Amino acid sequence: MIDRIGQIRAEAEAAIGAAVTTASLEELRVRYLGRKAELPNLLRGVADLDPQERGAVGRAANETRQALEGLITSRGAELELGELRERLAADRVDVTLPATPPQPVGRLHLLTATRREIEDVFCGLGFTVVEGPEVEFVRYNFDALNHDPAHPARARSDTFYVDAPAHPDGGEVLLRTHTSPMQIRAMELQPPPISIIVPGRVYRRDSDATHTPQFHQIEGLAVAEDVTLADLKGTLLAFAKAIFGDEREIRLRPHFFPFTEPSVEADVSCFMCADAAPDADRCPLCKGTGWLEILGSGMVDPNVLGAVREHGYDPEKHQGFAFGLGVERIAMLKHGVPDLRLFYDNDLRFLRQFG
Amino acid sequence: MKLPLSWLHDYVQPDIDARELASRLAMTGTEVDRITHHGVPATDNFVVGKVLAAEQHPDADRLRVCTVDIGDTEPRTIVCGAPNVAAGQTVAVACPGAVMPDGTKLAKAKLRGVVSLGMILAENEIGLGPGQKGIMVLDDAIPAGTPLADVLPISDEVLELEITPNRPDCLGVYGVAREVHAATGAPLAPPPWKHDVGADTTGSPPGIEVIVEAPDLCPRFTARVFEDVTVGESPAWLKGRLMAAGQRPINNVVDITNYAMLLTGHPLHAFDLDRIAGARLVVRAAVAGEAMTTLDGQERALDEGMCLIADADGPTSLAGVMGGTRSEVEAGTTRVLLEVATWHGPTIHRTSTRLGVRSEASARFEKGLPPEGCMEAQAVATQLMLELTGARLLPGTLDIKTANGAPMVIRLRDARVTGLLGTDIPRARSAEILRALGFTTTDAADGLDVEVPSWRRGEVTREADLIEEVARIDGVDRLPATLPVNRTGLPGRLAHAQQLRRRAEDTLAGLGLHEIVGWSFAAPDLPDRLLAPAGDVLRDLVVLENPMSAEQSVMRSTIVGSLLDTAAFNRDRGHPDLALFESGAVYRRGTAALPDEHHALGALLTGTVRPATWAEPEPPQADVFAAKGIAEAVLGALRVPFTVRAVERCFLHPGRSGELLSGDVVLGLFGELHPEAAANWGFDEPVAVLLLDLGKAISAAPEVHAYTDLTTFPGMRQDLAVIVDESVPAEQVAMVVRRAGGALVAHAEVFDVYRGEQVGAGRTSLALHLEFRAADRTLTDEDVAPVRERIVAALRDELGGELRG
Ligand SMILES: [Zn+2]
């Protein structure tokens, strides 16, 4: 019996040493140590042996089983390592081949990106964002905004009118020429104090390198009992710094708009030639003036507040500022876009550059 | 308005150059578009000369060889081509070195063998007139060698001012002078109308009768009569000034009216009194059907509401807009009626718009000029008529007026100035500024009582207007920059819907789509190109009354048009694989007073869904499922629960399109474009689109998402395969499963589709992932088994489904 055990051990040790794959090693494990193998059977039969034989045979069989198990484990580890090496070698690729790109991201249009940038600045300054209809009544677009009946902007040469019956209160229907009608609509809905901006699309009958018949504006309106022209300047200064850089300055220049009094145009200091002395030949952006016109603004005209008197606005008690800026103009200045029409061509080679 | 600086200097002489003046004006509210130069750039080498001799050039018929004394020791030879040159004339000479208005520098020249040391000048060569009459002949009293600039305005700087519509007073030189005075502090000369030579006569001039039948259209009508007028050329200084101001000289009488208008800002009109039929003028509203020929030779059909001046033969002047040819002053005119009136602004505006005539006069009158201006213009013109035309003023001034402008006094409160501007301006400073602008001020308890001068009465009517005057002259550039206190009690933020719109747009961009911004305008055949049947909502167009072109004459009724336009544009530039989206309004006429506008989110995919690589040389083409994938991603990002069903829509492929629903509300459409519609944009490959009504989608999104406990009692996953008729939509199978399973079915989705022999012809096998879950316990097989049985039964009973495997 003992001899047989020694025989099995010698045979198994030789076979394990000769195994070349983990699969053949597994076969050997089944053959020598599996349920139906001889050695485990011997061990199971030890109880039937003579008492004096029982101890020696049991010990020898057990020892042999442990030795073989150890051998299989260590041989297995060796083989696995070798097989892993082979697999890795087989998996080798030419890493200098072109990559598989992830799905490339798309871009927001520069006008959307710019609009959002501006919205976020004013949200930070305490303004909320409201929007209104693009097809509008004459009443909101001109009348309530203190536009003289003879104001040239009302002319059919300047403004798109819609083929629709005039409304008894609203008057004729047109494509809004500015985002300002929302000043009135917003004040009708919300009593003072109010601080809003109104982004949106507007329309004028004009088409050349500096005009497209549709473009985008952002209107601002802040009315309370104590909002001043100096507050307008501070607000525009904060805006200019956020959009064009912390070193920017704001300059106000008197102007005329029907719906503000006093009215001012705002210039931002040129960021192209900020460090150099203004020079007409050197700076293509500001033409050497050192300033870039960015928007029209002013203190809300008492007549505009009077138009919403029944909604809680009293021109004697309430005051505030309004401004309207062109999104295209800001984007063109900031990104050096030379022609307004590029925004509406939507050429992919343009779209990919921004957003 | 073109303002020659030399003219301005007659009334105010600030000690600064043109550039500085321009920037000072810009900072006080008068923008200077540019500074130009009229005449010659420099006055050097322009002198007065005497023609001593003028002889025929030996080798050129049209040239004369002149001997000209220009004050040098020796006279010089100048070759001249003008037919009117003659010995004995006093002339204007440009010597070599002189720079002409176009920038060329004159040099010694040899003309057909004769050396010429200069040029005898015609008026048009140095901007002093329209020319063509040969060389200028000057007054013989001027000595030879006198610098030409001493006797003629040959060089002037001109400010091109942008006068805002609220400042008609600045459409006159003196008005701008007043503004310059206030802006710079330089002293202002008395107005040119201060002394009126006609003021001492009383009554109306004889020989003319004027009836104002429409006083509401004509608040004031004044007229003076001049006899013994000699119509002729204006003197060089007058022509030069008009030319510099952009007006063409015509004859002395007309030039005087233009000069007086440019100086005072108030237009005038001269009639040939002998050509006024019946020596009687009637100011009245036009009657429909009337017509007249205006000075520009155009026959004008008048309509009711226009204002005209008629004589016995009918309309003879289009009041405030343009005179008529019938009573025009011409070469032989000897008796002139000089009319200065004020007209109802809106009527003038309406007339000039209706007729398409915009004159210097109408541009001023449409703003509503003060009646006081009439006599100012009369005074200036009268003086010049007497001086320049040899005329005699008949005594009296005809003056018909309804009312003088009432004086207006406005209280300017110190506290209001400070309160509106946010900075302190002392009362004395306010008073100083207002007085410089021609206002009168008197101290009041809390500020100033300010009387508005006639020329500002039209637009300075309120305290705020006065504050603007003070602020702009004091300098708005000097204001402090402060931030307003937010008194709304609310933080600044985007509304929920605005945040979700951004999320939807960002999702599309993140998926590789590029955003476009298309035109709101569309061509009226857009519905045709999209195969819309009669009565389709795409045909409910918002139509423009005055489009700029037929291609842009309606507003888009769907966002798919601009996406297709852009896709075709880029395809034609070598980009066949496109993924685009647009977020913007679409417009439908609807039935309300204002059209229906909704915010649409549209996406378009065509070509391959991702770029080809060496590993994947042929990526899949965009199709209905690619569009559906985009839809799921966007609605998923918004957390909008939705269902899908097949749909037939005119512009979509009838078998490859679906609609997205939240309950019964249609949120949008997806699918492949109908091949015929795609072909209308030149596409023969599939074009997949997604169209969402973003407003509706956002309304279906939860504002706040409440927590659901999915971890304490985990769900149990099972799969189920069912064979149904191939006409049964997968979505319907999933719906039956969810409904039959009831509350315990947390999730049911189709993950595999099989058609083939094993399931039989006309049948489809659908495999579903099911997840069962209860909120209060972990489910066991015993819990789930009866639910599964109910599901299987429902599939069998409702859809004829049989379990597979
Ligand atoms: Zn610059």
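Protein chains get the first letters and strands the later ones, always in sequence-line order, with residue 1 at the start of each. Atoms considered below: every heavy atom in the structure, side chains included; atoms not considered: hydrogens, waters and symmetry mates. Just so it is clear, the model here is predicted, and its values are computed rather than measured.
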**Message:** Can you list everything that forms a side-chain hydrogen bond (donor to acceptor under 3.5 Å, both in side chains) with A/His216? Sequence neighbours excluded, please.
**Reply:** A/Arg201, A/Glu328, A/Tyr344

**Message:** So that I can tick it off, tell me whether A/Asp148 and B/Lys367 are bridged by a salt bridge, with the cut-off set at under 4.0 angstrom between side-chain N and carboxylate O.
**Reply:** no

**Message:** Does any backbone or side-chain atom of A/Arg251 lie under 4.5 Å from a heavy atom of chain B? Answer side chain, backbone, both or neither.
**Reply:** side chain

**Request:** Indicate yes or no for a side-chain donor-acceptor contact from A/Arg253 to the backbone of B/Thr28 under 3.5 Å, with no hydrogens or angles considered.
**Result:** no

**Any donor-acceptor pair under 3.5 Å from A/Lys233 side chain to B/Pro480 backbone** = no

**Side chain, backbone, both or neither of A/Asn303 within contact of chain B (heavy atoms, under 4.5 Å)** = both

**Message:** What part of A/Val264 gets within 4.5 angstrom of chain B, counting heavy atoms only: side chain, backbone, both, or neither?
**Reply:** side chain

**Message:** Can you tell me which portion of A/Tyr161 sits under 4.5 Å from chain B's heavy atoms? Options are side chain, backbone, both or neither.
**Reply:** both

**Request:** Check each atom of B/Arg571 against the heavy atoms of chain A and say whether the ones under 4.5 Å are side chain, backbone, both or neither.
**Result:** neither

**Message:** Less than 4.5 Å to any heavy atom of chain B: does that hold for the side chain of A/Gln319, its backbone, both, or neither?
**Reply:** side chain

**Side chain B/Glu468, main chain A/Ser263, donor-acceptor under 3.5 Å** = yes

**Prompt:** Are any of the side-chain heavy atoms of A/Met299 and B/Leu420 separated by less than 4.5 Å?
**Reply:** yes

**Item:** Contacting moiety of B/Pro611, where chain A heavy atoms sit under 4.5 Å
**Value:** side chain

**Fill in**
Interatomic distance, CD1@A/Ile250 vs CG@B/Asp477, rounded to 0.5 Å, equals 12.5 Å

**Prompt:** Do the side chains of B/Glu515 and A/Leu351 get nearer than 4.5 Å, heavy atoms only?
**Reply:** no

**Request:** Indicate yes or no: at least one non-hydrogen side-chain atom of A/Glu134 is less than 4.5 angstrom from one of B/Tyr587.
**Result:** yes

**Asked** For A/Leu174, is it the side chain, the backbone, both, or neither that has a heavy atom closer than 4.5 Å to a heavy atom of chain B?
**Response** neither

**Message:** Need one label for B/Thr482: side chain, backbone, both or neither, based on atoms under 4.5 Å from any heavy atom in chain A.
**Reply:** both

**Complete:** Taken to the nearest 0.5 Å, the spacing of B/Met548 CE from A/Asp206 CG works out to 6.5 Å

**Prompt:** chain A heavy atoms under 4.5 Å from B/Ser520: which part of the residue, side chain, backbone, both or neither?
**Reply:** both

**Message:** Heavy-atom cut-off 4.5 Å, strictly under: side chain, backbone, both or neither for B/Glu597 against chain A?
**Reply:** side chain

**Prompt:** What class does the angle between the rings of A/Tyr203 and B/Phe521 fall in, given that below 30° is parallel, 30 to 60° is tilted and above 60° is perpendicular?
**Reply:** perpendicular

**Asked** Does some side-chain heavy atom of B/Arg472 sit less than 4.5 Å from a side-chain heavy atom of A/His255?
**Response** no

**Asked** Given a strict heavy-atom distance threshold of 4.5 Å, which part of A/Pro315 is in contact with chain B: side chain, backbone, both, or neither?
**Response** backbone

**Prompt:** Taking side chain as C-beta onward, heavy atoms only, is B/Val476 less than 4.5 Å from A/Pro262?
**Reply:** no

**Message:** Just so I understand: if I count every heavy-atom pair under 4.5 Å between each of A/Leu237, A/Leu236, A/Thr235 and chain B, which residue has the most?
**Reply:** A/Thr235

**Asked** If you measure from OG1 on A/Thr128 to CG on B/Leu494, what distance do you get to the nearest 0.5 Å?
**Response** 9.5 Å

**Item:** Under 4.5 Å from any heavy atom of chain B - which part of A/Leu348
**Value:** both

**Message:** Does any backbone or side-chain atom of B/Trp519 lie under 4.5 Å from a heavy atom of chain A? Answer side chain, backbone, both or neither.
**Reply:** both

**Message:** For A/Arg352, I'd like to know if atom CZ has over 12 heavy atoms of other residues, nucleotides or ligands within 6.0 Å.
**Reply:** yes

**Complete:** Turns out that what part of B/Leu578 lies under 4.5 Å from chain A's heavy atoms comes down to side chain

**Request:** Give the member of A/Pro302, A/Pro149, A/Ser195 that has the highest number of heavy-atom pairs under 4.5 Å with chain B.
**Result:** A/Pro302

**Message:** What part of A/Asp226 gets within 4.5 angstrom of chain B, counting heavy atoms only: side chain, backbone, both, or neither?
**Reply:** side chain

**Prompt:** When rounded to the nearest 0.5 angstrom, what is the spacing between CG in B/Leu421 and CG in A/Leu232?
**Reply:** 11.5 Å

**Item:** Contacting moiety of A/Phe321, where chain B heavy atoms sit under 4.5 Å
**Value:** side chain

**Message:** Need one label for A/Leu108: side chain, backbone, both or neither, based on atoms under 4.5 Å from any heavy atom in chain B.
**Reply:** both

**Item:** Portion of A/Val162 that has a non-hydrogen atom of chain B nearer than 4.5 angstrom
**Value:** both

**Heavy-atom contact with chain A under 4.5 Å, split by part of B/Glu31** = side chain

**Message:** Please identify, among A/Val105, A/Thr212, A/Val135, the residue contributing the most non-hydrogen atom pairs under 4.5 Å to chain B.
**Reply:** A/Val135

**A/Asp120 with B/Arg502: basic N within carboxylate O range, under 4.0 Å** = yes

**Request:** May I ask you to test the A/Glu131-B/Arg501 pair for a side-chain heavy-atom distance under 4.5 Å?
**Result:** yes

**Prompt:** Are any of the side-chain nitrogens in A/Glu225 or B/Arg487 under 4.0 Å away from the carboxylate oxygens of its partner?
**Reply:** no

**Set of residues satisfying salt bridge (Lys or Arg N to Asp or Glu O under 4.0 Å) with respect to A/Asp345, sequence neighbours excluded** = none

**Request:** Give a yes-or-no answer on whether the side chains of A/Arg116 and B/Gln498 include a donor-acceptor pair shorter than 3.5 Å.
**Result:** no

**Fill in**
Counting heavy-atom pairs under 4.5 Å with chain B, the top scorer among A/Glu261, A/His167, A/Glu119 is A/Glu261

**Message:** Under 4.5 Å from any heavy atom of chain A, what part of B/Arg167 do you find: side chain, backbone, both or neither?
**Reply:** neither

**Message:** Just so I know, are the side chains of A/Asp163 and B/Val542 near enough to count as touching, which here means a heavy-atom distance under 4.5 Å?
**Reply:** no

**Request:** Under 4.5 Å heavy-atom distance to chain B, tell me which part of A/Thr159 shows up: side chain, backbone, both or neither.
**Result:** backbone

**Asked** Which atoms of A/Phe160 come close to chain B, meaning under 4.5 Å heavy atom to heavy atom: side chain ones, backbone ones, both, or neither?
**Response** both

**Message:** At a heavy-atom distance under 4.5 Å, which candidate from B/Glu469, B/His349, B/Arg416 has the highest pair count against chain A?
**Reply:** B/His349

**Prompt:** So, do B/Val517 and A/Phe343 sit near enough that their side-chain heavy atoms are less than 4.5 Å apart?
**Reply:** no

